[in-house]
Peer 1: 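Here it is: the structure, laid out below.
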Protein chains: 2
Amino acid sequence: MNDQLKQIYQTMKEKGFKLTPARKSMLKIFLESEQKLLNAKQIFNLVKKKSKKTNFSTVYRNLEVLTENGIVEKISYNKETKYKLRGQGSHHHFMVCTLCYKTIPLPFCPFGELETYIKSDTDFLPINHHVEIYGYCNNCRQKLEN
Amino acid sequence: MNDQLKQIYQTMKEKGFKLTPARKSMLKIFLESEQKLLNAKQIFNLVKKKSKKTNFSTVYRNLEVLTENGIVEKISYNKETKYKLRGQGSHHHFMVCTLCYKTIPLPFCPFGELETYIKSDTDFLPINHHVEIYGYCNNCRQKLEN
DNA sequence: TGTTAAATGCAAATGTTTTGCATTTAGGAG
DNA sequence: CTCCTAAATGCAAAACATTTGCATTTAACA
């Protein structure tokens with residue numbers, strides 16, 4: 001079994017959450033789906049493929065649990081709320097194609113110097129940050145040009 | 001009259017939008033309110049104070065017009081959608097206190113080097129970006145410590 | 001002052017997310 | 001392996017934010 005998946009199962013267990021079919025299904029969906037940013041409806045539909053009897057409330061409740069435990073990240077932009085699996089360990093940001101929603105990780109976090117500056121020059125205490133780059137991926141750009 | 005307001009009125013006029021009381025009221029709210037990030041409900045309530053007969057659809061429709069014309073910016077984080085007046089000219093980002101929602105502008109945009117990197121090293125075409133720092137402002141931090 | 005397109009108010013619809021509650025189930029104890 | 005219990009689920013209904021259709025009003029300009 002996939003290493004990342006194994007680790008997530010481990011985390012869930014440690015925190016006392018049950019490994020229900022719905023949850024396993026959702027995690028596999030995140031791991032296997034081509035698109036890494038999914039909204040609740042998409043996830044619901046994919047879960048439904050396996051167990052036709054699932055329900056939006058289950059999906060939402062599980063997204064909440066996964067989000068609160070740092071396994072999944074919730075991202076809102078332009079009305080749409082999407083979810084993605086958190087990379088294990090190293091935190092990073094994404095470039096998001098606004099046409100196909102392909103997500104490309106940024107190789108570094110631009111927050112480093114920024115944080116240094118904020119801490120030394122302001123009295124604001126930074127806790128969290130949110131960086132996203134929107135634009136066109138190579139594919140979509142080529143389509144646009146034709 | 002405030003210079004920024006004058007300029008916005010000018011812009012609206014040029015684009016053929018009417019300067020209705022609701023719109024003037026909303027713009028003044030953005031300019032005068034202590035809090036610079038407001039959600040639709042807050043704006044609605046403030047508008048209502050002046051003209052008791054206003055309506056959510058008016059507020060939303062105007063927020064849309066203002067957003068589409070670059071006068072107002074729409075920001076979503078953690079479920080909440082908020083709006084703020086765009087700084088005239090220079091674009092900037094904010095540090096947002098997650099307790100009182102006070103917003104403190106960042107004195108520079110960390111996107112500069114990032115953009116350079118992306119353009120030279122990836123085939124992604126960056127169009128837009130979104131940077132926000134969340135944490136505690138000085139005031140709230142002091143309150144927390146007591 | 002009159003005309004007209006644009007903006008408004010209202011009520012109802014939409015879409016997403018949440019909740020209460022009865023039922024089912026994962027996972028540990030025995 | 002079986003039982004027990006807290007946690008998770010499914011369902012229906014509610015809550016909430018946002019949008020829409022339509023009749024009425026109004027800003028802006030001739």
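These numbers come from the heavy atoms of this one structure, side chains and all, not from hydrogens, waters or symmetry mates.
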Peer 1: Taking DNA chain D as the partner, which of residues 10-23 of chain B come within under 4.0 angstrom of it by heavy atom?
Peer 2: B/K18, B/L19, B/P21
Peer 1: Name the nucleic acid region contacted by B/N62, choosing base, sugar-phosphate or nothing; use a 4.0 angstrom heavy-atom cut-off, strictly under.
Peer 2: sugar-phosphate
Peer 1: Quick one: OH on A/Y83 to CD on A/Q42, what's the gap to the nearest 0.5 Å?
Peer 2: 11.5 Å
Peer 1: Can you measure from CD (B/E64) to CZ (B/R61) and round to the nearest 0.5 angstrom?
Peer 2: 9.5 Å
Peer 1: Rounded to the nearest 0.5 Å, what separation is found between the CD1 atom of B/I71 and the CG atom of B/L27?
Peer 2: 6.5 Å
Peer 1: Rounded to whole angstrom units, what separation is found between the CZ atom of A/R61 and the P atom of D/dA6?
Peer 2: 18 Å
Peer 1: From CZ of A/F44 over to P of D/dT9, roughly how many Å is that when rounded to an integer?
Peer 2: 14 Å
Peer 1: Quickly work out the A/L27 CG to D/dA8 P distance and round it to whole Å.
Peer 2: 13 Å
Peer 1: A/E64 CD to D/dA7 C1': how many Å, rounded?
Peer 2: 14 Å
Peer 1: Suppose we screen for side-chain hydrogen bond (donor to acceptor under 3.5 Å, both in side chains). Which residues come up paired with B/E32, at least two apart in sequence or across chains?
Peer 2: none
Peer 1: Could you identify which residues of residues 50-59 of chain A place a heavy atom less than 4.0 Å from some atom of DNA chain D, listed by residue number, or say none?
Peer 2: A/K53, A/T54, A/N55, A/S57, A/T58
Peer 1: Dot-bracket notation for DNA chain C is requested: 5' to 3', Watson-Crick or G-U wobble pairs only, both distances under 3.5 Å, with ( ), [ ], | and . as defined.
Peer 2: ||||||||||||||||||||||||||||||
Peer 1: How many whole angstroms separate atom NZ of A/K48 from atom C1' of D/dT9?
Peer 2: 14 Å
Peer 1: Whole angstrom is fine here: how far is it from OH in B/Y60 over to P in D/dT20?
Peer 2: 13 Å
Peer 1: Measure the spacing between CG of B/L38 and OG1 of B/T81 and express it to the nearest 0.5 Å.
Peer 2: 13.0 Å
Peer 1: Is the shortest side-chain heavy-atom distance between A/L31 and A/K28 below 4.5 Å?
Peer 2: no
Peer 1: Is a side-chain N or O of B/N39 found less than 3.5 angstrom from the main chain of B/K41, in a donor-acceptor match?
Peer 2: yes
Peer 1: Do A/V72 and A/M26 have side-chain heavy atoms sitting under 4.5 Å apart?
Peer 2: no
Peer 1: Within this structure, what is the OG1-CG distance for the pair B/T11 and B/L66, rounded to the nearest 0.5 Å?
Peer 2: 10.5 Å
Peer 1: Which residues pass the side chain to side chain contact (heavy atoms under 4.5 Å, CB included) test with B/L19, not counting sequence neighbours?
Peer 2: B/Y9, B/M12, B/K24
Peer 1: Could you pull out all residues at least two apart from A/F17 that satisfy ring-ring contact (aromatic ring centres under 6.0 Å, His included)?
Peer 2: none
